[in-house]
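Below, chain A is the first sequence line, B the second, and so on; all start at residue 1. Computed from heavy atoms alone, side chains included, the values below leave out hydrogens, waters and symmetry copies.
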Amino acid sequence: DQQVKQNSPSLSVQEGRISILNCDYTNSMFDYFLWYKKYPAEGPTFLISISSIKDKNEDGRFTVFLNKSAKHLSLHIVPSQPGDSAVYFCAASFFTGTASKLTFGTGTRLQVTL
Amino acid sequence: GAVVSQHPSWVICKSGTSVKIECRSLDFQATTMFWYRQFPKQSLMLMATSNEGSKATYEQGVEKDKFLINHASLTLSTLTVTSAHPEDSSFYICSARDRGGGDYYEQYFGPGTRLTVT
């Protein structure tokens with residue numbers, strides 16, 4: 001049962017344009033969401049996060065939007081740069097009382113073209 | 001700051017042998033470390049959560065006797081794949097949570113270890 005889904009396995013965007021990566025989740029217990037960037041044969045790198053009490057969080061070129069009623073979040077990258085080309089994973093978490101575990105989506109490969 | 005290293009980065013072993021992977025937090029203390037595996041073009045799947053000084057908690061479907069986890073200190077956790085088989089070939093990634101502060105949910109990931117079992 002995939003609780004966190006990224007339905008687009010790949011996305012191609014022109015340099016300078018906006019990249020929008022989407023993520024859907026099913027577990028209403030999730031209260032914290034994160035986006036990670038990953039290059040092949042490397043570990044994920046944290047990008048940005050958002051708590052469920054917010055609907056938007058911005059950090060430089062990256063903005064994450066959360067729609068709790070739709071159980072949907074998105075990552076906007078503006079403007080997109082060639083160095084942004086990587087696989088992006090969204091992850092969701094909730095505190096169980098003893099630990100918080102991350103559940104990852106399947107990833108979206110972003111290709112930023114010149 | 002918040003650097004996590006893994007060793008080795010790449011290992012090839014013969015079927016039936018055991019392989020140990022180390023995960024170290026270099027500049028912070030980690031009471032909790034996580035082990036993930038990733039198959040090609042798939043998501044990162046949590047295998048187990050390890051807390052310093054106590055037994056690891058394994059996710060459903062993960063064989064604890066096959067994947068031995070030891071979190072002996074606040075900066076080191078090890079994953080030993082025992083009696084490895086070709087289907088164990090995968091990319092293993094560890095992460096650590098900073099005991100000293102920062103976001104409770106945030107995990108810092110190591111660079112991963114690619115295991116190939118022949």
Side-chain angles (χ1 to χ4, degrees), chain A residues 1-10 21 23-27 29-54 57 59 64 66 86-109, chain B residues 1-6 8-10 21 23-25 30-52 54-62 71 90-98 102-116:
Chain A
D1 176 31
Q2 189 72 30
Q3 296 186 58
V4 180
K5 298 179 184 178
Q6 293 174 255
N7 291 318
S8 298
S10 64
L21 296 97
C23 179
D24 297 294
Y25 63 97
T26 57
N27 191 340
M29 295 287 290
F30 290 139
D31 60 2
Y32 203 80
F33 304 88
L34 307 91
W35 282 94
Y36 286 86
K37 177 181 181 180
K38 185 180 182 299
Y39 294 111
E42 292 185 14
T45 303
F46 170 74
L47 272 178
I48 192 169
S49 62
I50 188 167
S51 163
S52 61
I53 62 173
K54 296 186 177 180
N57 188 27
D59 184 2
V64 56
L66 175 63
V87 177
Y88 289 78
F89 289 95
C90 70
S93 181
F94 66 93
F95 181 57
T96 65
T98 55
S100 66
K101 302 186 294 188
L102 292 179
T103 301
F104 282 85
T106 48
T108 297
R109 180 176 302 278
Chain B
V3 178
V4 176
S5 71
Q6 279 184 244
S9 57
W10 181 53
I21 303 170
C23 176
R24 293 182 185 270
S25 56
T31 48
T32 304
M33 288 185 169
F34 304 86
W35 286 95
Y36 296 83
R37 67 188 295 183
Q38 185 188 23
F39 291 106
K41 298 185 180 180
Q42 292 190 24
S43 182
L44 282 77
M45 300 299 295
L46 179 65
M47 298 175 66
T49 302
S50 77
N51 291 294
E52 185 263 338
S54 62
K55 290 184 179 179
T57 302
Y58 290 81
E59 295 300 301
Q60 195 172 12
V62 178
H71 193 158
S90 187
F91 192 58
Y92 292 87
I93 307 173
C94 74
S95 70
R97 189 157 60 226
D98 189 344
D103 198 312
Y104 182 84
Y105 294 91
E106 200 163 324
Q107 297 177 22
Y108 302 100
F109 285 83
T113 296
R114 179 158 303 285
L115 170 63
T116 301

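The part of B:Ile93 that comes within reach of chain A is its side chain, from C-beta onward, which places non-hydrogen atoms under 4.5 angstrom from that chain. For a residue to count as touching a neighbouring chain, one of its non-hydrogen atoms must lie under 4.5 Å from one of that chain's; by this rule B:Gln38 touches chain A with the side chain only.
Note that OH of A:Tyr32 is 10.5 Å distant from CG of A:Leu102, once rounded to the nearest 0.5 Å. Rounding to the nearest 0.5 Å places OH of A:Tyr88 at 14.5 Å from OH of A:Tyr36. Once rounded to the nearest 0.5 Å, the distance linking CZ of B:Arg37 with CD of B:Gln42 reads 10.0 Å.
For the set A:Ala91, A:Ala41, A:Pro40, A:Gly107, the entry with the most heavy-atom pairs within less than 4.5 Å of chain B is A:Ala41.
What you find for A:Leu66 and A:Lys54 is that their closest heavy atoms are CD2-O, 3.6 Å.
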